[in-house]
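A quick note: this is a predicted structure, and the numbers were derived from the prediction, not measured. First the proteins, then the strands, lettered A, B, ... as listed; each starts at 1.
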Amino acid sequence: MCLSLTRMTDSSYFLSRCREELVSLLAAQGVNVNPGEVRDVEGDIDADLAVPLFRAAKERSESPQALAERLAGSLRLEGTRFASATALKGYLNLSFDKARFAQEVIADFSRGPDRYGRSDAGAGHTILIDYSSPNIAKPFSVGHLRSTILGQALHNILSFLGYRVIGDNHLGDWGTQFGKLLCAFTRWGSEDELERNPTTHLLSLYVRFHEEAKTSADLELEARDWFRRLETGDEKARSLWQRFVKFSTAEFGRIYDLLGVRFDSIRGESAYENRLSGVISRALERGVARREKPAAAMVTGGDEVGSDETVVIIPLDDVGIETPLILQKSDGTSLYATREIATAEYRIERWRPEKMLYVVGKEQELYFRQFSAALAKLGIPVPCVHVTFGLVRLPEGRMSTREGRVVFLEDVISEAIRRAEAVVQGRDLSPEEKARISRIVGIGAIRYADLSQSRIKEVVFDWNRMLALDGDSAPYLQYAYTRTRSILRKSEVQSPESKIPSPSSFALPEEFALLKSIARFPDAIVAAAETYEPHRIAGRIYRLARDFSAFYDKAPVLKAETPALRDARLYLVEMTGRVLATGLALLGIEVTDRM
RNA sequence: GCGCCUGUAGCUCAGAUGGACAGAGCAUCGGAUUUCUAAUCCGAUGGCCGGGGGUUCGAAUCCCUCCAGGCGCGCCA
């Protein structure tokens with residue numbers, strides 16, 4: 001299921017070259033380890049890489065410490081990237097040759113500052129990502145945010161690694177919910193309101209529908225009938241539905257612009273309508289699906305369905321899933337799954353992806369297992385990966401559109417920008433600059449709050465947490481970036497890239513910590529792509545920003561002791577700034593020169 | 001009832017393929033600004049990694065079991 005990129009990017013960047021070199025050094029001594037067993041050293045131990053020798057020692061029935069000591073004595077390090085090897089508690093610890101380390105990291109970077117971290121591992125491969133995919137009849141809530149920004153980040157990351165990525169926003173513009181809206185609008189709707197505040201109006205109709213449906217049992221049936229009319233091409237249903245869609249998509253477009261989210265394709269579920277009957281009939285012909293009497297009387301409305309009515313299902317118990325997938329309801333209309341299968345067929349025909357990622361909440365896990373199994377049975381060979389994420393809840397419980405218990409994304413964005421404005425207030429900047437910076441910082445904070453944590457965990461929405469402007473937050477990283485820009489601006493160096501420093505200039509631990517953070521960046525991108533976890537990148541660049549802040553505090557750049565040191569530090573600042581900007585860009589977060 | 005996910009410091013979270021003393025942010029307390037923007041830095045306090053068993057030279061990480069929370073379980077999307 002995971003992308004396997006590690007081997008393909010090996011030897012591209014300093015750390016992977018080191019691991020390989022170390023593995024071959026050990027192999028020359030008759031000790032076999034995998035590059036994956038080589039560990040980065042964190043903490044107080046004075047070394048850069050470490051090899052645990054417990055497994056290798058066991059194979060040759062030797063004590064790990066004895067083996068480590070023997071290797072530390074016998075490894076021939078002249079001419080390698082390592083300056084020394086020591087044995088400690090069964091580990092073989094290696095320290096970099098510092099000058100060579102600095103030289104190679106700088107060389108990796110100077111090959112192409114904007115390309116640092118990139119690879120061509122995905123060249124020639126196409127991946128489709130389904131993300132955001134909101135129901136357009138409802139306002140954009142913070143619940144939709146996760147899919148939107150996770151998907152966008154994965155799009156950025158995979159593209160950076162050379163893949164051809166198709167981001168497809170699969171708008172929810174079809175289905176029973178539209179039956180409900182049509183029903184509600186014809187009963188209680190207002191033309192004026194629809195034009196003025198489409199999603200707000202549709203939301204209140206949706207809420208009212210569910211209110212009234214509690215006491216009026218016929219309403220659900222009426223809604224079902226409206227959907228049936230829509231799907232069978234009824235004039236009135238069609239034209240009304242079209243207007244719902246038109247007004248709503250306009251509002252969504254505004255939010256996407258504000259968030260800086262882009263898609264390669266935006267298509268509604270309705271676009272696949274003409275393929276639905278084909279999906280159902282082919283499934284029946286192949287013997288994958290079958291018609292069946294409804295298992296039970298319809299719950300909603302209390303009416304018994306006619307005895308001649310049938311549903312079309314794909315049984316999945318033979319592949320370990322008890323619940324079958326339903327393709328057609330007893331009234332002949334389609335379901336989400338039917339439309340998804342049609343969509344998958346279309347996507348494969350059009351883009352020929354080798355894999356399709358669905359960035360969809362965890363609550364749909366069973367559904368996706370059914371969906372994948374159904375595709376396999378239908379002979380569709382492209383694997384689907386459900387990139388799940390935890391639900392966003394409110395402290396008082398689950399968000400519910402129909403009960404009006406939601407936080408709207410627009411309100412969150414406004415509040416984020418407002419808080420950023422408060423900080424930037426005292427700065428000596430034009431009002432336009434302040435507005436621009438507040439937007440970049442506020443939206444960055446929102447995105448980072450989500451992308452800095454593993455996606456599987458559920459989130460209890462909290463204003464302060466989502467809009468943090470200090471500590472482990474986007475503004476912290478953006479601020480570190482502005483400091484790099486500020487130094488470079490004042491240095492009056494036209495192009496620091498032209499002044500590649502002598503690597504032996506570096507001496508401070510803060511300088512090496514910074515270099516090491518930069519050296520680790522490429523691996524983080526690969527890890528993020530392999531696990532579909534952008535927070536791997538967030539963690540890496542946060543650490544880089546911390547290392548930079550410590551460096552900033554300790555090591556004067558413009559007033560460095562010697563011109564050579566000044567140049568060397570300027571280059572370090574340049575690298576840091578670029579890596580921060582690249583990493584943030586992968587997360588969809590902008591930077592600014594001042595803030 | 002069955003299935004999936006989660007449980008790490010007061011709060012919010014990192015801890016890839018099991019590895020050296022479990023790391024951050026917030027909060028609390030104490031320091032740092034004639035020096036490149038203090039949305040900053042340095043330090044302190046704070047953890048039987050939900051409980052209990054097991055596998056292993058080694059477990060927050062793997063297995064079993066229990067507890068707590070979330071989500072799901074045929075005509076919603």
Side-chain angles (χ1 to χ4, degrees), chain A residues 2 34 36-37 39 41-45 50 52 54-55 57-58 63-64 88-91 93 133 135 172 174-177 180 224 269 292 294-296 298-300 305 309 311-313 321-331 333 335-337 339-340 360-367 369-370 388 390-391 393 398 420 423-424 427-428 441 449 452-454 456-460 462 464-465 468-473 475-476 478-480 482-484 486-491 527 530-531 533 535-536 538-539 542-543 546 549-550 552-559 569 573 594-595:
Chain A
C2 280
N34 304 315
E37 289 178 275
R39 312 189 61 77
V41 173
E42 306 273 3
D44 296 334
I45 293 164
F54 305 96
R55 190 190 49 73
K58 194 173 193 175
S63 92
L88 182 64
K89 293 194 237 176
Y91 290 82
N93 292 330
S133 306
N135 293 324
W174 208 244
T176 309
Q177 54 182 340
K180 291 176 180 173
R224 276 176 69 104
E269 286 181 60
E292 160 184 295
M298 271 179 48
V299 190
T300 48
V305 288
E309 290 185 345
V311 294
V312 177
I313 65 163
I321 302 171
E322 294 306 315
T323 315
L325 194 65
I326 301 180
L327 287 184
Q328 189 176 53
K329 294 193 269 190
S330 54
D331 65 0
T333 59
L335 281 128
Y336 179 56
R339 300 189 288 272
E340 278 289 354
V360 176
K362 203 167 49 179
E363 66 275 14
Q364 292 193 35
E365 196 154 26
L366 172 61
Y367 164 73
R369 281 178 50 223
Q370 296 176 296
T388 59
L391 201 68
R393 296 166 50 227
R398 191 174 181 165
V423 179
V424 88
R427 301 280 195 276
D428 180 26
V441 169
S452 62
Q453 114 177 230
S454 67
I456 199 70
K457 300 210 179 187
E458 77 173 35
V459 171
V460 176
D462 177 82
N464 291 330
R465 182 166 160 245
L469 301 179
D470 59 1
D472 187 1
S473 68
Y476 178 87
Q478 291 166 320
Y479 183 67
T482 66
R483 283 174 145 186
T484 70
S486 182
I487 291 173
L488 292 167
R489 196 165 53 236
K490 292 189 175 170
S491 75
E530 284 178 337
T531 59
E533 286 276 23
H535 84 289
R536 303 283 182 123
Y542 170 63
R543 180 57 193 266
R546 278 177 55 206
S549 296
Y552 182 94
D553 205 58
K554 190 76 176 286
V557 176
L558 298 178
K559 296 188 178 173
R569 286 184 179 161
V573 170
R594 299 170 206 262
M595 62 185 274

**Request:** Sticking with atom P, work out how far B:G53 lies from B:A60, rounded to a whole angstrom.
**Result:** 14 Å
**Asked** Is there a donor-acceptor pair closer than 3.5 Å between any side-chain N or O of A:Gln370 and the backbone N or O of A:Pro324?
**Response** yes
**Asked** Can a side chain N or O of A:Ser454 be found less than 4.0 Å away from OP1 or OP2 on B:A14?
**Response** yes
**Prompt:** Side chain of A:Lys490: nearest nucleotide among B:G70, B:C36, B:A39?
**Reply:** B:C36
**Message:** Under a 4.0 Å threshold between the charged nitrogen and the carboxylate oxygen, would A:Arg55 count as salt-bridged to A:Glu37?
**Reply:** yes
**Side chain A:Arg427 and base B:A39 donor-acceptor under 3.5 Å** = yes
**Item:** Backbone of A:Lys329 reached by a side-chain donor or acceptor of A:Thr333 within 3.5 Å
**Value:** no
**Prompt:** Any idea which of B:A38, B:C75, B:C41 is nearest the A:Ser549 side chain?
**Reply:** B:C41
**Closest to side chain of A:Tyr367, choosing from B:A20, B:G15, B:A77** = B:A77
**Prompt:** Which one, B:A14, B:A39, B:C75, comes nearest to the side chain of A:Ser330?
**Reply:** B:C75
**Prompt:** Has A:Arg543 got a side-chain N or O lying under 4.0 Å from the OP1 or OP2 atom of B:G23?
**Reply:** no
**Prompt:** Considering only side-chain heavy atoms of A:Lys58, which listed nucleotide, B:A77, B:C57, B:C41, is closest?
**Reply:** B:C57
**Prompt:** If you check every side-chain atom of A:Val311, which of B:C75, B:G7, B:C36 has the closest atom?
**Reply:** B:C75
**Prompt:** A:Thr176 side chain N/O closer than 4.0 Å to the phosphate oxygens (OP1, OP2) of B:A77?
**Reply:** yes
**Request:** Using only side-chain N and O atoms of A:Arg398, determine if any of them is under 4.0 Å from OP1 or OP2 of B:G72.
**Result:** yes
**Message:** Measuring only the P atom in each nucleotide, how far is B:C64 from B:A24? A whole number of Å is fine.
**Reply:** 34 Å
**Item:** N/O (side chain, A:His535) to phosphate O (OP1/OP2, B:C13) under 4.0 Å
**Value:** no
**Request:** Record whether the side chain of A:Asp472 comes under 3.5 Å of the base of B:A14 through a donor-acceptor pair of N or O atoms.
**Result:** no
**Prompt:** If each of A:Pro556 and A:Ile45 is mapped to the nucleotide of RNA chain B with the nearest heavy atom, which maps nearer the 5' terminus, i.e. the 5' end?
**Reply:** A:Ile45
**Prompt:** For RNA chain B, whose closest nucleotide is more 5', that of A:Lys89 or that of A:Leu366?
**Reply:** A:Lys89
**Prompt:** Between B:A77, B:A20, B:C41, which nucleotide gets closest to the side-chain atoms of A:Leu335?
**Reply:** B:A77
**Message:** Side chains of A:Asp470 and A:Tyr479, heavy atoms from C-beta outward: is any pair under 4.5 Å?
**Reply:** no
**Prompt:** Considering only B:G72, B:U12, B:A77, which nucleotide approaches the side chain of A:Asn135 most closely?
**Reply:** B:A77
**P atoms of B:G23 and B:C29, separation to the nearest Å** = 25 Å
**Message:** With a 4.0 Å cutoff (strictly under), does any side-chain N or O of A:Lys457 reach OP1 or OP2 of B:U12?
**Reply:** no
